[in-house]
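Step one of this worksheet: look at the structure below.
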Amino acid sequence: MSNILVFVEQREGKVRKAALESLTLGRALAARTGGTVAAVVAGSGISGLAGELAAYGAAKVFVADAPELALYSCEGYTAALDAAASAFSPSIVLVPGSMMGKDVAPRFAARRGVGVLSDVMTLEVENGRLVGTRPVYSGKARATVSADPAAALQIATPRPNVFPASKADAPAAGEAVPLALAGLKIRAKVTKIEAAETGEIDVAEADKIVSGGRGIKGPENWPMLKALCHELGAALGASRAAVDAGWISHSHQVGQTGKVVSPSLYIACGISGAIQHMAGMGSSKVIVAINKDPEAPMFKVATYGIVGDMFQIVPAMTEAAKKMKA
Amino acid sequence: MNHIVCLAYVPDTETKIKIGADGKSIDESDVKWIVSPYDEYALEEAIKTKETKGGTVTVVTFGPAKADVGLRECLARGANEAVRIAADGLAQVDSLGVAKLLAAAIKPMPFDVLWLGNKGVGTDAQTLVPMLAEFLDLPHVNLVTKLEWKDGAVTCWREIEGAKEVVETPLPALIAAQKGLNEPRYASLKGIMAAKKKTIAVKTPADLGVDVAAVSGDKAAVRWTKLELPPARQAVKLIPADDPAKAAEELLRLLRDEAKVL
Ligand SMILES: Cc1cc2nc3c(=O)[nH]c(=O)nc-3n(C[C@H](O)[C@H](O)[C@H](O)COP(=O)(O)OP(=O)(O)OC[C@H]3O[C@@H](n4cnc5c(N)ncnc54)[C@H](O)[C@@H]3O)c2cc1C
């Protein structure tokens, strides 16, 4: 029997979708190993979250609720995960592969002297050990990674947006267990959060992305792409060429030196499809290429493509999306 | 202020990847190697800070002899000293093992800031930074795109989903660079000449008191059990664009009815 502990990322009292994906995955693994799923959440004024986590299968919810945990700190949130792991003795720990999760999981792993199966897109338990796969070398290869079967604890960070999130058929007990973090030492502290433009969906969390590259020609043309984003409920992405030209901020950049995304739909407009761009979006489920150059490498990975001028095609897509909704 | 920059020498992102004979790693024969781009941001920031505030910059890598080329590049750009932990002939060491080796090398060295890139390009695991910070009992800030120095402390802007976190940390600390922090410089001719004369201190894992057999190969905490080329994607379905309005409608119909993503 192996118990599974899931680290739940919350911000401003809201559970992040990636955490629900990890809980759902934890539940699926527990069904095979015959173990129980628990969740751990850190923050301030968050004890009300247990019910939601129970709906996703958490039999126990360890809650580290303290004013000094109101904003994220790796040291504080790692201490919470560590305390929950000591109380629950899981054999598997899942931490969503978000910016926060990828900060917390390795610090916790080092404390326990074990490794992390990072950024996995599949995850299974085989003969008592965690085995996952993930893209490496800019998506030019796929590695199968496995944890040390002798390790007392095996840790993975599933890539966000890859695993589905669904409620359990019947809610679990969701028994809230308060965690007291004695001797908490927090040196690096978040003092403030500067939000991006309001109402924008971040590419790293988006289920659909419309991206523009050098083909957009200048920042004055983003409204054309934003209109399509609006109709499709998509986030706005960009290639490095567009970012480096100063047309848009780096937070929109997809790729090797930008964000790695796995949306269900990625529409690349005026992006050639350089390997470093594909490193960021190659694992998207459906890819659409819109490019005037039929030889553009993006067509090699695309599911659908239109060879043509994006300044004609994109507005037509916005109109078509409006019509479809009507 | 003294700086240590850890860097990785990695396959160029443009390099063609071939699977090695063992089916678990890449065939390194025709690979072009570079200093990982994120590590270049880290190095640049360390050199820039040294130039304004004084101190030294030491670069440290865990890698085989060919990584000396990368270390010399860093010396040419302005690093003062270079240390290489010799990886020649070792089986694959995972991040936990690398963090142990780097921690052992760094522990006796005095520094105010330890710099890394936020990930090593290629393996992209993003696990080394927090692991190394934990082993050295340092506070760390990951994904930093901007910083401001204070007396004995630093304020960092860290990129997260849809926002930036402003993080304050006392020094010494580990800071991990993200693209946007700066534009790395090129080495000057004078720098390149000077770098040629410098010696690179080479240490073996045994010199550092680390039992590398216990953290590598089939003893590594995380093993690569298979490496394969990614599954081929289906051929693209091209939609004729003679009439943009019709093409757009057809595309959206396919996305809704066939791909079922709308
Ligand atoms: C270390 C390293 C890291 C990198 N990291 C990243 C990264 O994170 N993300 C990233 O994106 N890149 C990255 N790059 C850069 C990458 O190599 C490419 O240079 C970049 O992706 C090109 O962007 P692009 O496709 O927008 O521009 P281009 O390659 O110039 O392509 C523009 C495309 O637009 C098309 N086009 C032009 N006008 C129109 C029109 N009117 N209608 C339709 N199509 C049109 C053209 O046919 C062309 O295919 C990195 C490079 C290096 C060396």
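Convention: sequence-line order gives letters A, B, ...; per-chain numbering from 1. What's counted below: heavy atoms across the whole structure, side chains too, no hydrogens, waters or symmetry copies.
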Original post:
Is it the side chain or the backbone of A321(A) that comes within 4.5 Å of chain B heavy atoms, both, or neither?
Top reply: both
**OP:** Give a yes or no on whether a salt bridge exists between D119(A) and K119(B), defined as a side-chain N under 4.0 angstrom from a carboxylate O.
**Re:** no
Subject >> SB check D124(B) R134(A) (cutoff 4.0 Å) >> reply: no
Original post:
Quick one: does E161(B)'s side chain have a donor or acceptor within less than 3.5 Å of a partner on M99(A)'s backbone?
Top reply: yes
Subject >> Test item: K323(A) side-chain N/O and E249(B) main-chain N/O as donor-acceptor pair under 3.5 Å >> reply: no
Original post:
Any idea which heavy atoms bring P139(B) and E75(A) closest together, and the distance?
Top reply: CB-OE1, 4.1 Å
Original post:
Among A204(A), A302(A), S138(A), which residue forms the greatest number of heavy-atom pairs with chain B at distances under 4.5 Å?
Top reply: A302(A)
**OP:** Taking salt bridge (charged side-chain N to carboxylate O under 4.0 Å, His left out) as the test, write out the residues that go with K107(B), two or more places apart.
**Re:** none
Subject >> Flag for E159(B)-H250(A): side-chain donor and acceptor within less than 3.5 Å >> reply: yes
Original post:
Taking atom types as modelled, is there a side-chain donor on T13(B) or Q276(A) under 3.5 Å from an acceptor on the other?
Top reply: yes
Original post:
Under the side-chain contact (heavy atoms from CB on, under 4.5 Å) criterion, do H140(B) and R107(A) qualify, and how do the steps go?
Top reply: CA-CA 10 Å; H140(B) 80 268; R107(A) 187 137 198 162; 3.0 Å; yes
Original post:
Could you state the interatomic distance from CD1 (I160(B)) to CD (E194(A)), rounded to the nearest 0.5 Å?
Top reply: 10.5 Å
**OP:** Starting at CZ of R233(B), measure out to OG of S284(A) and round the result to the nearest 0.5 Å.
**Re:** 7.0 Å
**OP:** Give me the contact list for residues 174-185 of chain B versus chain A, heavy atoms only, anything under 4.5 Å, ordered by residue number.
**Re:** Q178(B), K179(B)
